[in-house]
There are 2 protein chains.
Amino acid sequence: MSGYGQFCPVSQALEIVGERWTLLIVRELLCDDYRFNELLNGLPLISRSLLSQRLKSLEEAGLVERQEREKGVVVYRLTQAGRELEPIVMGLGTWARRWVEHNLSPDDLDPVLMMWDLRRRLDTQRLPAEQTVVQFWFRDVPAKVSRYWLCVERPDVELCMTNPGFDVALTVEAKLRTMVEVWMGHRDITEALRTRAIELKGDPKLTRAFPSWLLLSSFANIPRAAST
Amino acid sequence: MSGYGQFCPVSQALEIVGERWTLLIVRELLCDDYRFNELLNGLPLISRSLLSQRLKSLEEAGLVERQEREKGVVVYRLTQAGRELEPIVMGLGTWARRWVEHNLSPDDLDPVLMMWDLRRRLDTQRLPAEQTVVQFWFRDVPAKVSRYWLCVERPDVELCMTNPGFDVALTVEAKLRTMVEVWMGHRDITEALRTRAIELKGDPKLTRAFPSWLLLSSFANIPRAAST
DNA sequence: CGGTATCCCCCGCGATACTG
DNA sequence: CAGTATCGCGGGGGATACCG
């Protein structure tokens, strides 16, 4: 059994985008075109084979194009049809912020996703013009996945999972949960800094400007619904 | 495996409404409060046990309330949280009308769903004030499920699956596919009448007014996207 | 009518290994 | 690196029977 046996357009839409993972893949591609392995960063628990399958379905359905950007570099890109799912995806996120109790389970705290998401939301104009490396250190997660480096060179930001070797201008230290809570707007960033839940070490100018160049999640400012 | 392992609100929303059937149940309840067996009319292929499960999940998640309307009559009703999914559901339908090729498979033509949907979209003000019975006859489907009766008594409309016995003021005869295509706006209603793809037999006043009191699907007027 | 419980099958999916 | 092929399992869900 696969279809819904209906002529209703809602069911037709769901036959295409209703499968597990599909709308999350679309969410990633709404941010940018990505390569296969880049997509895995934003979808912590998906398996390679399943991502492969889903991309193929999306391509067949005409929502995604496979594109060879350079020799040997394949990226996935939304078509117009895919891009028009943006209000749906954003609407789902907004709805969740309004109505879903946000007590994050430890299983939902993934440092790679955190950094991958954060990388997309830096105001590089408020960062130095010359190359700058910011290190993030989540002290409470296993050492192998606890440190990340953002190499900022306007307007590019690269996320490194291993030490790139350049001088670190600023180190951000926090528990992963703290960082996620601040990122999602569950917790005030200035409060977290004041109480040292987030510690900044390094260039004072970068430190002072931190709340201005670290844009938060695009869902951070959605207010909860009035409790009934 | 059940969750997505993410703190992203989109994934949190999908953990609640992303399961198979869930948004279609919400779609039904956006139209009205319904009883268990009424919901089955709008969800042709769902099994009773699965509908039961899903309603329970929706209740736990706070999107649906189980309510005893009268003694022994239970209806399901959306909460405010559930009702706020309306733009999502409508958005999905609109997206499908714009982008999904609508060649309806025979499996997607369900006469009960057709009538169930149609019942919700009658302009009763344009129908007689006294009780009026309109019969629908889909000549190409098995006899057992080919005839339906709408008993209209402003502002109520009741759908009967068996002959209610009252005088029939108007009979509408068509192939099921024709009716669905007209209903969905794939085919022009006046053309279908002119070519006798839809035949009306009975009260001339009801016949003349037919296109005015038969409102079409709420998705009937969404234009397709410009073909790229 | 309005569901619930049980049983059992199938296929969606993860794990693993493999290829260019 | 960027996937694809194969295999095996677990649980989602259909069928059926049952209850109040």
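Sequence lines set the chain letters: A, B, ... in the order given, protein chains first and strands last, and positions in each chain run from 1. The shown structure was predicted, so the numbers you read here are calculated from the model rather than taken from an experiment.
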Rounded distance (Å) that lies between atom [atom2] of [N] and atom [atom1] of [X]:
X       : N      : atom1 : atom2 : value
B:Tyr34 : C:dG3  : OH    : C1'   : 20 Å
A:Leu45 : C:dG14 : CG    : P     : 9 Å
A:Ile46 : D:dG3  : CD1   : P     : 13 Å
A:Arg20 : C:dC11 : CZ    : C1'   : 15 Å
B:Glu68 : C:dC1  : CD    : P     : 17 Å
B:Leu50 : D:dG12 : CG    : C1'   : 8 Å
A:Asn41 : D:dC1  : CG    : P     : 12 Å
B:Leu40 : D:dA15 : CG    : P     : 13 Å

Requested in this report: Supply the atom-to-atom distance B:Leu39 CG to B:Leu24 CG, rounded to the nearest 0.5 angstrom.
Outcome: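 Interatomic distance, B:Leu39 CG to B:Leu24 CG, rounded to 0.5 Å: 11.5 Å.
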
Query - Pair B:Glu28 + B:Arg120, salt bridge at N-O below 4.0 Å - result: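 Answer for the salt bridge query: yes.
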
Requested in this report: Please work out which residues in residues 53-61 of chain B have a non-hydrogen atom less than 4.0 Å from an atom of DNA chain C and list them by number.
Outcome: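 When residues 53-61 of chain B is checked for heavy atoms under 4.0 Å from DNA chain C, the hits, listed by number, are B:Lys56.
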
Report yes or no: do [X] and [Y] form a side-chain donor-acceptor pair below 3.5 Å?
X       : Y       : answer
A:Trp21 : A:Gln53 : no
A:Thr79 : A:Glu65 : no
A:Trp95 : B:Glu84 : no

From C-beta outward on [X], which listed nucleotide comes closest to its side chain: [options]?
X       : options               : answer
B:Arg48 : C:dC13, D:dG13, C:dG3 : C:dG3
A:Ser47 : C:dG14, D:dG3, D:dG13 : C:dG14
A:Asn37 : D:dG14, D:dG3, D:dC1  : D:dC1
B:Ser52 : C:dT4, C:dG14, C:dG3  : C:dT4
B:Val74 : C:dG14, C:dG3, D:dG14 : C:dG3
B:Ser49 : C:dC1, C:dA5, C:dG3   : C:dA5

What does the list of N/O pairs under 3.5 Å between the protein and nucleotides 18-20 of chain D look like, with a distance for each?
none

**Report entry** Side-chain N,O (B:Arg66) to OP1/OP2 (C:dG3) below 4.0 Å
**Finding:**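 For C:dG3, OP1/OP2 do have a side-chain N/O of B:Arg66 under 4.0 Å.
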
Report task. Would you name the heavy atoms of A:Leu23 and A:Val17 that are closest together and state the gap between them? Result ->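 Result for this residue pair: CG-O, 3.6 Å.
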
Query raised in the report: Where is the tightest heavy-atom contact between B:Leu30 and B:Leu78, given as atom of each residue plus distance?
Result: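 Closest heavy-atom pair between B:Leu30 and B:Leu78: CD2-CD1, 3.6 Å.
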
Query - Set of residues satisfying side-chain hydrogen bond (donor to acceptor under 3.5 Å, both in side chains) with respect to A:Arg154, sequence neighbours excluded - result: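 Once residues adjacent in sequence are excluded, A:Arg154 has no partner under the side-chain hydrogen bond (donor to acceptor under 3.5 Å, both in side chains) criterion.
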
Query raised in the report: Does B:Glu15 use its side chain to pair, donor to acceptor, with the backbone of B:Tyr4 at less than 3.5 Å?
Result: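 Here the side-chain-to-backbone pair exists.
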
Query - Any donor-acceptor pair under 3.5 Å from B:Ser47 side chain to B:Leu45 backbone - result: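 Checked: no pair found.
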
